[in-house]
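All chains are named by letter (A, B, ...) in the order of the sequence lines, taking the proteins before the strands, and each is independently numbered beginning at 1. What's counted below: heavy atoms across the whole structure, side chains too, no hydrogens, waters or symmetry copies.
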Amino acid sequence: MAGETALELERIRRNYGSVVAVDNVSLAVAQGEFVTLLGPSGSGKTTTLRLIGGFEELDSGAIRIRGERVDHLPAYQRDTATIFQSGALFPHKTVAENIAYGLRMRQVPRAQIAERIRQVLDIVRLTEFEERYPSQLSGGQKQRVALARSLVVRPTILLFDEPLSALDLSLRLQLRAEIKRLHDELAFSAIYVTHDQGEAMAMSSRVAVMNKGRIEQIDAPTRLFHEPTNEFVYTFIGESCCLPVRITSTAKPQDRTGQPVELKLEQKPPEGEWRLYVRPSRLKLAAEAQNAPNRLSAKIHFIEFLGDFYRYHLKSGALELFSDHRGPTGYKVGDIIDIGWSSRDMQAYR
Amino acid sequence: MTIAASGKAEIYALARQRSRIRERLSAWLLMLPALVIVLVFFGIPTVYMVRMSFNLHIDRRLYVPGFTFEHYANLFSNPLFTNAIWTTVQLSLLSALFTVLIGYGFALLVWLKPARWRMLFVGLALCPLLISEISIIFGWWMFFPKNGLLSYALVSSGLITDKISLMYTEFAAFVGLVYVTLPYCFFILLSIFDGIDKRVLEASADLGAPPSITFREVLLPLTRSGALVAFSQSFIWAMGTYATPSALGPDTLWTMGYLIQEQMLGKHNWPMAAALSVVLVIGVTCVMVMTRMLMAKRVAFHD
């Protein structure tokens, strides 16, 4: 993380009545860094973004852009530009007028405005659309115009407020790749809010996982996936199955109802109630599981065909889990088979 | 109809044709109830009124069947009537203007406030619609006179020293008219505001526009056509309102509504009253057509 800091949040806090929406969040975004705020709805990620943009007032803490405090300034005096979920294009202005708006507010000379509109439309690949009105654009084109309108003013930091969530899947993937390409080319600093972990993992330099107004972990996507610091992050990033078990020093492990289960663990955790998590994509079935250090024998409950893979839903006592496999394996519903996994693919929490 | 040549294709063609006729017919059938109501309760009386305006008026009889342009000639030459038309237009324009200004501010406020305040304001705006115009006039009678609420409030707040009466002034008539038209104006404008994504205001601020410029560049252009509709609506209401201006205004405030009433009931001159009404209807229609024409261009950018 070289270069100066574009944005710094210092213990910012925002309450709605008795509800704490943003709880002492601190975060620094380096110049050219793409940081994603990822979390379930109500986790405070959008509020954090709106606090930075100046659409909401801080209750405490400080926001600095390029080292200067801005939390006392109104939105129109902050060097940020937001891409809204709805696009929020001005419906009565053409694409060119929409893009020119921010430049006009910054008193950029007319000739330069025309030139910069041309450039930015070229960047977002909408050259022929200058004279169109937003109602004449598709959803994806609208978001590209919104992006152009924000990019063109060259803000210190771009704020993305779930810009793709209103689009359909293929368009989402396409635009996500485009935003990534633009970031690689232009190296802008950005905070990107989303509840879609795929988006977060694919685009970001770092991802901050938020929950209940706090940042649970902030790390590069790979570390987040492989080294989650707590149970929330583990379960929120990637798919996981939860096995609630009771470990005793003498008898076999039991499920929550007290029934013993055929579960062998490489390293047995201390006695007590545990939640073991495994990644369904890392589970091995039957013969492949023979040499796995951790094994559970379970009955096939039902099988789902999901196009790219088959999902085997398995049950052992009160434990339920599922496992994804490419081809059909020949096992049927009702068969009892072994499932295995390595210790690296398991986490235990209590 | 040749049964012999009834190939399957022809049967289908016939069936298709029949269903197309049915489709066209069903549109008219669906419109029928509304059409009947409009024709019976508005169309026929209007035609009757137009016919009435050409009847003769002899010997203080209500009317004598005949055909004359006398009443129209009288209407446009007699200063009594031309002044009334002018007074009505002036008063209506002024009250419509203020109605839109107040209504715009109020609707903007309600739109910007959090949703929990909304019901309160909407309820408040509904109140005058639940009370009859006559009851509201009685309310003004307690408000404007020398010993009324307004006078009392002004004296006790120290703004004036002597009690004043604003009853039977043009100002009272104006205030009364604004009050009558305001709720309609408010609801029209609120519906216009509700059609705007509030994020565009944030987007404008985000791009560096202070509130005054956001208003001029974004909010005003997006609400202009709505404000125009609200204005013409208020203007039309004010033009046709009879009770409020005649009950609150001075005796010399002769609006068209007042004259129609006077010609009809006082002078027993039904053709003259009808002619006045026809002029009023035509005037209102002109305003509506003009509004429509101005709007057609403005809403081009909406989906």
Side-chain angles (χ1 to χ4, degrees), chain A residues 16-17 46 49-50 52-56 73-95 97-108 131-137 142 145-146 148-155 157-159 161-163 166, chain B residues 104 107-109 111-120 188-231 291 293-303:
Chain A
Y16 295 118
T46 294
L49 198 77
R50 292 173 59 78
I52 301 167
F55 307 121
E56 309 245 352
L73 296 174
Y76 62 89
Q77 286 176 350
R78 296 191 191 186
D79 193 15
T80 60
T82 309
I83 294 99
F84 294 89
Q85 185 174 359
S86 63
L89 298 177
F90 306 124
H92 59 298
K93 293 180 185 286
T94 62
V95 168
E97 286 167 351
N98 262 284
I99 297 172
Y101 195 81
L103 296 174
R104 277 173 46 222
M105 296 307 141
R106 284 164 173 74
Q107 263 103 38
V108 176
E131 298 311 316
R132 298 263 190 109
Y133 283 96
S135 60
Q136 298 167 306
L137 302 175
K142 276 185 203 164
V145 174
R149 185 176 69 175
S150 298
L151 272 176
V152 80
V153 297
R154 296 168 192 164
I157 187 146
L158 274 171
L159 307 174
D161 187 8
E162 309 204 30
Chain B
Y104 194 95
L108 179 61
L109 195 82
W111 179 61
L112 288 176
K113 282 277 166 212
R116 60 175 182 276
W117 294 105
R118 193 185 170 89
M119 282 320 292
L120 179 72
I188 291 173
L189 284 167
L190 187 61
S191 76
I192 298 292
F193 278 117
D194 281 337
I196 301 173
D197 178 6
K198 268 184 213 168
R199 293 277 186 264
V200 297
L201 304 185
E202 292 184 352
S204 173
D206 192 52
L207 292 164
S212 60
I213 291 182
T214 298
F215 180 75
R216 205 183 64 213
E217 289 257 357
V218 180
L219 209 50
L220 205 54
L222 287 176
T223 50
R224 199 174 284 149
S225 61
L228 205 64
V229 172
F231 180 82
T291 319
M293 278 163 55
L294 281 171
M295 259 173 55
K297 284 176 224 145
R298 300 245 179 259
V299 293
F301 54 80
H302 286 303
D303 323 54

So, taking the atom named [atom1] in [X] and the one named [atom2] in [Y], what distance separates them when rounded to the nearest 0.5 Å?
| X | Y | atom1 | atom2 | result |
| --- | --- | --- | --- | --- |
| A:Gln85 | B:Arg199 | CD | CZ | 8.0 Å |
| A:Phe84 | B:Glu202 | CZ | CD | 5.0 Å |
| A:Phe55 | B:Lys198 | CZ | NZ | 14.5 Å |

Self-check item: Closest non-hydrogen atom pair between A:Ala88 and B:Ala203, with its separation
Solution: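 Looking at all heavy atoms of both residues, the shortest contact is O-CB, 3.7 Å.
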Quiz item: Which heavy atom in A:Tyr101 sits nearest to a heavy atom in B:Ser204, and how many Å separate them?
Solution: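 Minimum heavy-atom contact is OH-OG, 2.7 Å.
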Exercise. Would you mind telling me which of A:Met105, A:Arg106, A:Gln77, A:Arg104 has the largest number of heavy-atom pairs within less than 4.5 Å of chain B?
Key: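 Most heavy-atom pairs within the cutoff with chain B belong to A:Met105.
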Quiz item: Top residue by heavy-atom pair count (under 4.5 Å) with chain B, among A:Ser150, A:Gly102, A:Gly53?
Solution: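 Highest number of heavy-atom pairs under 4.5 Å: A:Gly102.
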Quiz prompt | Non-hydrogen side-chain atoms of B:Pro211 and A:Tyr76 separated by less than 4.5 Å | solution =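 Yes, their side chains come closer than 4.5 Å.
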Quiz item: Counting heavy-atom pairs under 4.5 Å to chain A, which of B:Thr214, B:Asp197, B:Leu201, B:Val218 comes out on top?
Solution: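 Ranked by heavy-atom pairs under 4.5 Å with chain A, first place is B:Val218.
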Quiz prompt | Contacting moiety of B:Asp206, where chain A heavy atoms sit under 4.5 Å | solution =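 Answer is both: backbone and side chain atoms of B:Asp206 are under 4.5 Å from chain A.
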Quiz item: Between B:Ile213 and chain A, which part of the residue has a heavy atom less than 4.5 Å away: side chain, backbone, both or neither?
Solution: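 Both parts, backbone and side chain.
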Self-check item: Under 4.5 Å from any heavy atom of chain B - which part of A:Leu89
Solution: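 Contact with chain B: backbone only.
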Practice problem: Identify which part of A:Arg149 has an atom lying under 4.5 Å from any heavy atom of chain B, answering side chain, backbone, both or neither. | Solution: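 For A:Arg149, the contact with chain B is made by backbone and side chain together.
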